[in-house]
Asker: 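Below are the structure tokens for one structure; questions will follow.
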Amino acid sequence: MRRPDPHNMADTPGGGDGDGDVSVVTKTRPKTARPPLYKVLLLNDDYTPMEFVVMVLEKFFQIGHSHAVEIMLTVHKKGLAVVGVFSHEIAETKVAQVMDFARRHQHPLQCTMEKEE
Ligand code: TYC
């Protein structure tokens, strides 16, 4: 019969002797991940007045008049444009505000969001 030996795992409480303990592997990352960002897009249509789109850009995105006209014309010519990049919650709020404002004015303007690569 062998004497208990504290240097032998099988004789030590919590040792690797099949008493139910499991190894825990903890992964660490050197940096904190940034929250994902979302592009808010404005889509072209044939009916929403240009001045209304400019007003939307000024009112909900704090874009100055000249730049708002440029963005509106980009959407008009290219079909869509990114009007801002935000956290998920802010992007959702902007989309909801624009869609609600357009609906209340009976314009078919569409605004959507898309996760940034
Ligand atoms: N194409 C519209 C027109 O000719 C103008 C417009 C621009 C509509 C941008 C939507 O997101 C838009 N009246």
Side-chain angles (χ1 to χ4, degrees):
M1 206 51 148
R2 178 172 75 68
R3 283 186 296 107
D5 174 8
H7 303 295
N8 184 321
M9 294 277 272
D11 296 328
T12 306
D17 55 356
D19 63 1
D21 287 8
V22 294
S23 298
V24 176
V25 177
T26 305
K27 286 187 180 175
T28 57
R29 293 218 170 272
K31 284 199 74 186
T32 305
R34 294 179 302 259
L37 293 174
Y38 292 79
K39 299 181 281 194
V40 170
L41 304 150
L42 211 51
L43 308 187
N44 189 37
D45 66 73
D46 293 338
Y47 306 103
T48 304
M50 291 186 171
E51 317 80 67
F52 184 82
V53 177
V54 171
M55 180 169 49
V56 162
L57 293 169
E58 293 171 346
K59 182 178 172 69
F60 297 110
F61 297 92
Q62 285 75 47
I63 295 171
H65 187 75
S66 299
H67 191 207
V69 171
E70 285 179 11
I71 294 171
M72 180 279 296
L73 287 173
T74 298
V75 178
H76 177 69
K77 291 181 216 166
K78 308 272 187 186
L80 83 179
V82 176
V83 301
V85 177
F86 307 97
S87 69
H88 189 272
E89 187 174 355
I90 300 292
E92 263 191 343
T93 301
K94 300 284 183 191
V95 169
Q97 286 174 333
V98 172
M99 294 297 283
D100 184 58
F101 191 63
R103 187 191 55 73
R104 276 160 34 215
H105 288 82
Q106 301 186 307
H107 295 310
L109 180 65
Q110 295 292 304
C111 184
T112 185
M113 63 193 273
E114 179 180 290
K115 193 175 181 186
E116 253 197 352
E117 59 267 20

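Counting convention: from 1, in listed order, for ligands and their atoms alike.
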Asker: Would you say the side chain of Val98 lies within less than 4.5 Å of the side chain of Val83, judging by non-hydrogen atoms?
Answerer: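 Side-chain contact under 4.5 Å: no.
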Asker: For atom 9 (C) of ligand 1, what is the nearest protein heavy atom, given as residue, atom name and distance?
Answerer: Val75 CG1, 3.5 Å
Asker: Checking a contact table here: which protein heavy atom is nearest atom 4 (O) of ligand 1, and how many Å away?
Answerer: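 Checking every protein heavy atom, the shortest distance to atom 4 (O) of ligand 1 gives His76 CE1, 3.1 Å.
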Asker: Please report the closest heavy-atom contact between Phe86 and Ala91, naming both atoms and the distance.
Answerer: CB-N, 3.7 Å
Asker: How does Leu43 reach ligand 1, if at all, at less than 4.0 Å between non-hydrogen atoms: by side chain, backbone, both, or neither?
Answerer: backbone
Asker: Keeping Thr48 on the side-chain end and Leu109 on the backbone end, is there a donor-acceptor pair under 3.5 Å?
Answerer: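 Here the side-chain-to-backbone pair exists.
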Asker: Could you pull out the closest heavy-atom pair between Phe60 and Gln97, with the gap in Å?
Answerer: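 What the structure gives for the nearest pair is CD2-OE1, 3.6 Å.
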Asker: Using a strict 4.0 Å cut-off to heavy atoms of Leu42, name the atoms of ligand 1 that fall inside it.
Answerer: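 Ligand 1 atoms under the 4.0 Å threshold to Leu42: 11 (O).
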Asker: Do me a favour and list the nearest non-hydrogen protein atom to atom 5 (C) of ligand 1 with residue, atom name and distance?
Answerer: Thr48 O, 3.4 Å
Asker: Look at Glu116 together with Lys39 and state whether they make a salt bridge at an N to O cut-off of under 4.0 Å.
Answerer: no
Asker: Say whether Leu37 and Val95 are linked into one hydrophobic cluster, either directly or through other cluster members, by side-chain heavy-atom distances under 4.5 angstrom.
Answerer: no
Asker: Starting from atom 2 (C) of ligand 1, locate the nearest protein heavy atom and write down its residue, its atom name and how far away it is, to 0.1 Å.
Answerer: Asp45 O, 3.2 Å
Asker: Note the single closest protein heavy atom to atom 6 (C) of ligand 1, along with its residue, its atom name and the distance in Å.
Answerer: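 Protein heavy atom with the smallest distance to atom 6 (C) of ligand 1: Asn44 OD1, 3.4 Å.
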Asker: With a cut-off of 4.0 Å, which atoms of ligand 1 are near a heavy atom of Leu109?
Answerer: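 Near Leu109, the atoms of ligand 1 are 10 (C), 11 (O), 12 (C).
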